[in-house]
Structure formats: C-alpha cells, structure tokens
*Asks:* 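Supplied in structure tokens, the structure appears directly below.
A, B, ... follow the sequence lines: proteins, then strands. Residue 1 opens every chain. On a predicted model such as this, the values are computed, not experimentally measured, just so you know.
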Amino acid sequence: MIMENRNFIRTIIEEDLRSKKHAFPITRFPPEPNGFLHLGHARAILMNYHLAMEHGGYFNLRFDDTNPVKEDVLFVEAMKEDIAWLGCKWKNLLYASDYFEEMYQRAMLLVEKGLAYVCDLSAEEIKNYRGDLKTPGQNSPYRERSIEENRKIFEGMRNGEFADGERVLRAKIDMASPNMNLRDPIIYRIQRATHHNTKDQWCIYPMYDFAHPLEDAIEGITHSLCSLEFEDHRPIYDWFVKHCEMPNVPRQIEFGKLIIANQITGKRHIRKLVEEGIVEGWDDPRLITLSGLRRRGIPPKAIENFIKALGLPKSQGETEIEMFYEYVRDYLSVEARRVHGVIDPIKVVITNYPENQVETLEVPYHKDREAFGTRPVYFGRHLYIERDDFIEEKPNKKWKRLSLGIEVRLMHAYFIKANHVIYDEQGNVLEVHCTYDPETKSGSGFDARKPNGNIHFVEATTAKSVEVRLYENLLKQDSDSSAAIEERLNPSSKVVKHGFIEGAVSPEPAEAFQFTRLGYFALDKDTKDDQLVFNRVVELKSSYKLKK
RNA sequence: UGGGCUAUGGCCAAGUGGUUAAGGCAUCGGACUUUGACUCCGACAUCGGUGGUUCGAAUCCACCUAGCCCAGCCA
C-alpha cells in the first residue's frame, strides 16, 4: 500500500518553487496549547511537516498562545511529546508570545496610518453595532478618533490604565462588508491574566486574526495551512500582512480537516468522560488522542501512512476508523514479532506425553523476516489453547479447529487429536485430553496426513500469565450522532481477560506483537514486574463467518 | 440574490476539455497458506440535478438542489 495521493497544496508548492517565488517552503503547525492533540490533528502536523521536508524546506512548531486564560504549559509539553512521537522534527520551537512586542509595534503602525482605532464601546454594544449576516453594521462613534488620541489611548491600554474589557483596538476596514470578519475586527483586548510565558508583562493580548498572519510573516512562513473555517478570514489575513508592512508575504491555504466518524474528540466531551471515570484519562487507549493511540500501541508510522493515503482534500468528509485500523494492520503485519498468546484459555493434557518433560522448539519470530531471529517455544504434557478453538463435535465441514476425534496441528509443534473432555460443575469445558503423534513434528517434512487446521497453544508450566485488555469502539457501532454521548457508549468497549503468553518472550515497552491468529497487542504502562498487561491494538481480519 | 466554500461508487480520494473515470478502505468470488492473517488473481461508478458551449465535458458556462462555515473582547 502506502499510496500517497496527490493534493492541491503540493501542486501549489511545486508551482511556487518552479516559478522561483520561493526557494523552499517553510511551514508550521500552530496549535493553541489548550488541550490534547488527536488523530485529526495528525493530518495538519504530518502534512505541514512532510510537504516542507519533501521540497527541501523546513517546519516550525509554534504555539499560538495569545489567550492566557485558556492556555497552560502542561499542554505545550504534551503537544511537543505527541508531535515528536509522530516523527515530525521542528526546526524552530516558537511561541506567538515571543512576538508580542513586535505585534504591538505593528499595531501602533496601523494606528499611525489611521487604519486602527481605540473603541470604547462595550462588548454588548460592539455586537449590536456589528449588524448581522444580512444587515450591514454601523460605524462605531469612536471610529474617527484622531491618530494622536488613538496612539495615546492605545499606549495607555498597554500601560494598564484601563480595566479589562474597557477598551479595544480595532482595525478600520468596513462595517458594511458582507464578510463579517472585515467589520472592524478587534485586534487587541485588555485582559489581566498571567501568561505561561510572558507572565504579567502584558495586560493586552492580540486577537487571532491580527496575530496569526504576523506570526507567519515574521517567521517567513511561505505556505500557511489551516482548516476550511478560516477561508473567510483570508481577506483579513492578507489585509494585516499588507498594512502592517510585513516584509514576508505568507499565503494562507485552507484544507478540510480530518474527521473520524463515530469518535469522540471534543475537549468538553473527553473531559467529561474522564471526570466521570468512563475513560481512564486523556491517554485512554479507547480515545483517538495521540497519547491514547500511543498508549494503545499504535505505531506512529502507521498513522503517517494512513494520513498520506488520505491526502489533503479541499472538501470535508468523515473517514471510517476501520480504514485507519487497516493501515495499522498493514504496518504491523510486516513489523511485528509473532508470539503465541492464549486469551481465553482451556487446558489441554497430552496424555501420551511424559509428565515433567518439556521440549524446546526453535521458532522464527516472523516467517518472512529472518532478521527477527527465533525464540524457543516449549511443548509438554500440559498446554493451554483458546476456548474458541475447541468444540466437542465438529459443527460443519468448514470448521478448521479442534474437536473430539479430530486432528489439528499445534503450530510449530505436533498434530494432536482430542479424545476426551472434562467439564466443571457448570458444564464448561475445563480440560481436553488429547494424544499427540511424534511423527508429525513441525519441520520434519511429515505429510502423510493433513490436519484439520492449525491452532496456537502455550505450554502451561513455562507460560507467563498476562492481563489482556480488549478494546472495541467507545461508541456503539451505528450510533446516532445527534444522541447524547452517554446513550451512545458501547458497554463492551473494554473487556479484561487473563491469559498466557509464551514463557521465553520478553516484551519491550511500546512494542506491538502479533499474538498469532488473534491480533496485535502491546504492553501497557500498567505492567508491573509480576504482571504483564497488554492492550489489544487491533484484531486480525478474519474471513471466518461462523461466529456465534 | 448577505458572504465564503464543497458536491466523483457504502467510506476516503485522484482527475483542471480527448483516460477503458487512478488508488486505498469495505464488500463479493477464487488461488495460496503450519496465522480462517499476509500475499496473489478477479468483480465492483459515468462523476448532485437540468440545460447549454464543443467534433468531444467529471473537467467550460447557466440555472437549480443539498451540505458545511461566518454575527467571541476564542483559535
């Protein structure tokens, strides 16, 4: 796979390079540090990064921290970790707050040019003067203040002479514009709050529409990518770059953000789930936050492949999570070591195998990746197999597993035949007594009989006990997206099982293994010395349709 | 007639006047298989609608329809 779609932004960049408009592209990812990044953000991060790198340019990480009341260093650290994890290396780590002085000076330039004025209207009044979608706005009575007066008051704003919300600085554009963003947008507001970077140095903070184009221009960003809802802001973006006389002229280009169907990404919603204990934190493996995906064991490269396959459209769709999982499988299929694990065990006793004897078989970690080496797999009288792999009576000709009187191959070991079943008081299968045929040892070339399928197993006396967390989608499959989240929750989104894995395997943190025939599993951070804990990353696909 | 944007198979998405309308996911067949996985073959759309321009249109024009965004001193 790993098919990368063409996209219109790449075309624009290549044209700009060909026409010598730019020598190389400079992009940026400009998050506001006010929450956690999720899979949707991965499109913006990876596309900005790769589009720049592919064309010999570079990529900046810039925190758009212009609103201290919503932001926190906690989030900047988390975001840095997530972005680095995705493999995106920023050339410069920057903060909008680094430019507060220059922004102030540029705003003053606007004042000097008669293009900005201090407005004393209250928030409520400004709203009323703005008109609505179909009605033009009215000019503020303060719109024609003298340049001298504006300069003085704006200085006063900076110096803390006014209360929060008492005055704002506005750009003088057009109160009758059909584009609401051009109706004399506010560019500075007074807000006494301690900023995570600049502390109490400022009591006025620039608004996004003013700050963002300046940030881009200051850094020499060539292509400023953002999502569709900012299309209406492009005229004002260009207006500020021009009238603030910025030497570099970045170009804003909008694309459709990545939305994954049937997932929870809203900060409010996730916070609520966390507070109510429905999920275990922002990094719960059922969430598609980047930290959740990381904890679950999703390889970052799989995210990159997925994002590249999706492309960068100008339209706005909703992608099914299954497509993402397929890219995870695609990657892990090649990269994950294989190991036998039994998640819902039943005991098998090989009655013709000596007690207290265990033999060792050398088995490759991946049959197509010799470099992965081999591991010792043990075989003995006492084994575990998957409960689903045994049914007393073979149900139909398609059944390729163990049944009474039926012979299957234990992968990498021997053929066994089931002879007898022992039940517990409730009538559940407790043990299956089998016999093995020493002639059928794997690798011996035995081909006199064909087994009724191949199943995996774990030798009981050497096995490591593991806790396995099986995840399903947090929300029910076709849940009505207009319904309340509480009603859409999938009650079996997390199921904990206790099973066994091969004794000789030592899992590395964050490494995803394939548990043969079951799926991919990675060690969770809850793992303790005496208890391995695995998360199921994704199941294997199966064309087996006789599920109960 | 506020403004801006989008519309290609169940989902994602290429395509910018001449292609049998890429590719991926899903689905359905089949081959292979010591993972019912992987891999491999094969099947699977006339491009929101209607008119028009053209020798020729998903690609140009007109009208229509549907959806999304904009009235924070949020980003």
*Asks:* Between the side chains of A:Glu304 and A:Lys301, is the shortest nitrogen-to-carboxylate-oxygen separation below 4.0 Å, so that they form an ion pair?
*Replies:* yes
*Asks:* What is the pairing partner of B:G10, taking Watson-Crick or G-U wobble pairs with both distances under 3.5 Å in any strand?
*Replies:*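 When the pairing criteria are applied, B:C25 turns out to be the nucleotide that pairs with B:G10.
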*Asks:* Return the pairing partner of B:U59 with a 3.5 Å limit on both distances, Watson-Crick or G-U wobble; otherwise return none.
*Replies:*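 Because no pair has both required distances under 3.5 Å, B:U59 counts as unpaired.
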*Asks:* If the glycosidic angle sits within 90 degrees of zero it is syn, else anti. Tell me which applies to B:G51.
*Replies:* anti
*Asks:* Output the single nucleotide from B:A75, B:G2, B:G24 whose closest atom is nearest the side chain of A:Met323.
*Replies:*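 The listed nucleotide nearest to A:Met323's side chain is B:G24.
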*Asks:* Taking atom C1' in both B:C5 and B:G10, compute the distance separating them and give it to the nearest angstrom.
*Replies:* 25 Å
*Asks:* With the threshold set at 4.0 Å, does a side-chain nitrogen-carboxylate oxygen contact exist between A:Arg329 and A:Glu326?
*Replies:*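 Looking at A:Arg329 and A:Glu326, the cut-off is met.
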*Asks:* Phosphate oxygens OP1/OP2 of B:G72: is one of them under 4.0 Å from a side-chain N or O of A:Arg130?
*Replies:* yes
*Asks:* Atom CG of A:Asp120 to atom P of B:C73: distance rounded to whole Å?
*Replies:* 15 Å
*Asks:* Applying a 4.0 Å non-hydrogen cut-off, can you work out what A:Glu318 is touching in the nucleic acid: base, sugar-phosphate, or nothing?
*Replies:* sugar-phosphate
*Asks:* Is the distance between the ring centroids of A:Phe230 and A:Tyr208 under 6.0 Å?
*Replies:* yes
*Asks:* Answer with base, sugar-phosphate or nothing: what part of the nucleic acid does A:Lys367 contact at a heavy-atom distance below 4.0 Å?
*Replies:* base
*Asks:* Return the nearest nucleotide to the side chain of A:Leu310; candidates are B:C38, B:U35, B:C12.
*Replies:* B:C12
*Asks:* Closest approach to the side chain of A:Asn67, judged atom by atom: which nucleotide of B:C73, B:C74, B:U39 is it?
*Replies:* B:C74
*Asks:* Which part of the nucleic acid, if any, lies within contact of A:Ile259, taking any heavy atom under 4.0 Å across all strands shown: a base, the sugar-phosphate backbone alone, or nothing?
*Replies:*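 The answer is nothing, as A:Ile259 stays clear of every strand by at least 4.0 Å.
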*Asks:* Side chain of A:Glu32, heavy atoms from C-beta onward: which of B:G36, B:A7, B:C74 has the nearest atom to it?
*Replies:*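 Closest nucleotide among those given: B:C74.
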*Asks:* A:Arg10 CZ to B:G15 P: how many Å, rounded?
*Replies:*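 These atoms are roughly 11 Å apart.
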*Asks:* Could you tell me whether A:His456 contacts a base, only the sugar-phosphate backbone, or nothing, with contacts defined as non-hydrogen atoms closer than 4.0 Å?
*Replies:*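 No contact at all - A:His456 keeps every heavy atom at 4.0 Å or more from the nucleic acid.
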*Asks:* For the C1' atoms, the ones on B:U54 and on B:C60, what distance do you get once it is rounded to whole angstrom?
*Replies:*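 About 9 Å, rounded to a whole number of Å.
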*Asks:* For A:Ile126, report the nucleic acid contact type (base, sugar-phosphate, nothing); a contact means any heavy atom under 4.0 Å.
*Replies:* base
*Asks:* Identify whether any heavy atom of A:Gly443 sits under 4.0 Å from a base atom; if not, whether one sits that close to sugar-phosphate; answer base, sugar-phosphate or nothing.
*Replies:*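 Base, at least one base heavy atom under 4.0 Å.
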*Asks:* Looking only at N and O atoms, is any donor in the side chain of A:Arg234 or the base of B:G4 less than 3.5 Å from an acceptor on the other one?
*Replies:* no
*Asks:* When the distance from CD of A:Gln191 to C1' of B:C74 is rounded to whole Å, what number comes out?
*Replies:* 10 Å
*Asks:* Please state the P separation for the pair B:U20 and B:C41 - nearest whole angstrom.
*Replies:* 23 Å
*Asks:* Return no unless some side-chain N or O of A:Thr135 is found under 4.0 Å from OP1 or OP2 of B:A71.
*Replies:* no
*Asks:* Can you see if the side chain of A:Lys314 gets near the phosphate of B:C5 - specifically, an N or O under 4.0 Å from OP1 or OP2?
*Replies:* no
*Asks:* Between A:Arg62 and A:Glu215 (salt bridge meaning N to carboxylate O under 4.0 Å), is one present in this structure?
*Replies:*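 Salt bridge: yes.
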*Asks:* Look at all strands and tell whether A:Ser122 reaches a base, only sugar-phosphate, or nothing, counting heavy atoms closer than 4.0 Å.
*Replies:* base
*Asks:* To the nearest Å, give me how far apart CD (A:Glu320) and P (B:A13) are.
*Replies:*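 Value for this atom pair: 11 Å.
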*Asks:* Check the distance between B:G30's P and A:Lys398's NZ and give it to me in whole angstrom.
*Replies:* 8 Å
*Asks:* On a whole-Å scale, what distance lies between the C1' atoms belonging to B:A21 and B:A75?
*Replies:* 40 Å
*Asks:* Using Watson-Crick or G-U wobble geometry with both distances below 3.5 Å, tell me the partner of B:C38, or none.
*Replies:*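 B:C38 is unpaired by these criteria.
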*Asks:* Report the C-alpha separation of A:Glu229 and A:Ser227 in whole Å, then their side-chain angles, then the decisive distance to 0.1 Å, and conclude whether the side chain to side chain donor-acceptor pair (under 3.5 Å) test is met.
*Replies:* CA-CA 6 Å; A:Glu229 65 265 32; A:Ser227 48; 3.1 Å; yes
*Asks:* Answer yes or no: side-chain N or O of A:Asn179 and base N or O of B:G4 forming a donor-acceptor pair under 3.5 Å.
*Replies:*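 A donor-acceptor contact between them is absent.
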*Asks:* Remember a base hit wins even if backbone is also touched, and classify A:Thr516 as base, sugar-phosphate or nothing at under 4.0 Å, heavy atoms.
*Replies:* base
*Asks:* Whole-Å distance between B:A13 C1' and A:Phe306 CZ?
*Replies:*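 Atom-to-atom, A:Phe306 to B:A13, this comes out as 12 Å.
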*Asks:* For a quick check of understanding: with a heavy-atom distance under 4.0 Å over all strands, which category does A:Phe230 fall into, base, sugar-phosphate or nothing?
*Replies:* base
*Asks:* Does the distance from a Lys or Arg side-chain N to an Asp or Glu carboxylate O, for A:Arg401 and A:Glu386, drop under 4.0 Å?
*Replies:* no
*Asks:* Give me the distance, rounded to whole Å, that separates B:U33 from B:A43 when you measure between the C1' atoms they each carry.
*Replies:*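 After rounding to an integer number of Å, I get 23 Å for this pair.
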*Asks:* Just to verify, which of A:Val377, A:Val363, A:Val458, A:Val505 counts as forming a side chain to side chain contact (heavy atoms under 4.5 Å, CB included) with A:Val339?
*Replies:*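 When A:Val377, A:Val363, A:Val458, A:Val505 are each tested with A:Val339, the side chain to side chain contact (heavy atoms under 4.5 Å, CB included) holds only for A:Val505.
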*Asks:* Look at all strands and tell whether A:Ser442 reaches a base, only sugar-phosphate, or nothing, counting heavy atoms closer than 4.0 Å.
*Replies:*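 Touches a base.
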*Asks:* With heavy atoms under 4.0 Å as the rule, sort A:Leu133 into base, sugar-phosphate or nothing.
*Replies:* base
*Asks:* Evaluate the criterion salt bridge (Lys or Arg N to Asp or Glu O under 4.0 Å) for residue pair A:Arg28 and A:Glu219; output intermediate values, then yes/no.
*Replies:* CA-CA 9 Å; A:Arg28 102 268 94 118; A:Glu219 290 173 23; over 6 Å; no
*Asks:* Heavy atoms only, 4.0 Å cut-off, all strands: where does A:Arg183 land among base, sugar-phosphate and nothing?
*Replies:* nothing
*Asks:* Determine the Euclidean distance between corresponding C1' atoms of B:A57 and B:G15; express it in Å to zero decimal places.
*Replies:* 13 Å
*Asks:* Taking any heavy-atom pair under 4.0 Å as a contact, classify A:Asp232: base, sugar-phosphate, or nothing.
*Replies:*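 Counting heavy atoms under 4.0 Å across all strands, the contact made by A:Asp232 includes a base.
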*Asks:* Using a cut-off of 4.0 Å on non-hydrogen atoms, how would the nucleic acid contact of A:Gly311 be classed: base, sugar-phosphate, or nothing?
*Replies:*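 It contacts nothing in the nucleic acid.
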*Asks:* If the P atom of B:C70 is compared with that of B:A22, how far apart are they to the nearest Å?
*Replies:* 37 Å
*Asks:* Can you find a side chain N or O atom of A:Arg517 that sits less than 4.0 Å from OP1 or OP2 on B:G36?
*Replies:* yes
*Asks:* Find the distance A:Ile190:CD1 to B:C74:C1' and express it as a whole number of Å.
*Replies:* 18 Å
*Asks:* Taking the six-membered ring for Trp, are the ring centroids of A:Phe255 and A:Phe8 within less than 6.0 Å of each other?
*Replies:* no
*Asks:* Nearest to the side chain of A:Pro313, heavy atoms from C-beta on, is which of B:C5, B:G4, B:A14?
*Replies:* B:A14
*Asks:* For B:C69 and B:G49, measure between their P atoms and round to the nearest Å.
*Replies:* 24 Å
*Asks:* Heavy atoms from C-beta onward define the side chain here; which of B:G72, B:G2, B:C25 lies closest to that of A:Lys127?
*Replies:* B:G72
*Asks:* To the nearest angstrom, how far is A:Leu312 atom CG from B:U6 atom C1'?
*Replies:*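 Nearest whole value for this atom pair: 15 Å.
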*Asks:* Counting only side-chain nitrogens and oxygens, does A:Ser543 get under 4.0 Å of the OP1 or OP2 atom of B:A37?
*Replies:*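 Looking at the OP1 and OP2 atoms of B:A37, one of them is under 4.0 Å from a side-chain N or O of A:Ser543.
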*Asks:* Any side-chain N or O of A:Lys541 less than 4.0 Å from the OP1 or OP2 oxygen of B:C38?
*Replies:*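 Yes, A:Lys541 has a side-chain N/O under 4.0 Å of OP1/OP2 on B:C38.
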*Asks:* Map A:His412 and A:Arg189 onto RNA chain B by nearest heavy atom, then report which one ends up closer to the 5' terminus.
*Replies:*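 On the 5' side of the pair lies A:His412.
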*Asks:* Evaluate the ring-ring contact (aromatic ring centres under 6.0 Å, His included) criterion for residues A:Phe210 and A:Tyr188: first the C-alpha distance (whole Å), next the side-chain angles of each, then the deciding distance (0.1 Å), finally the verdict.
*Replies:* CA-CA 8 Å; A:Phe210 172 73; A:Tyr188 266 95; 5.7 Å; yes
*Asks:* Closest-nucleotide mapping onto RNA chain B: is A:Tyr520 or A:Thr11 further toward the 5' terminus? I mean the 5' end.
*Replies:* A:Thr11
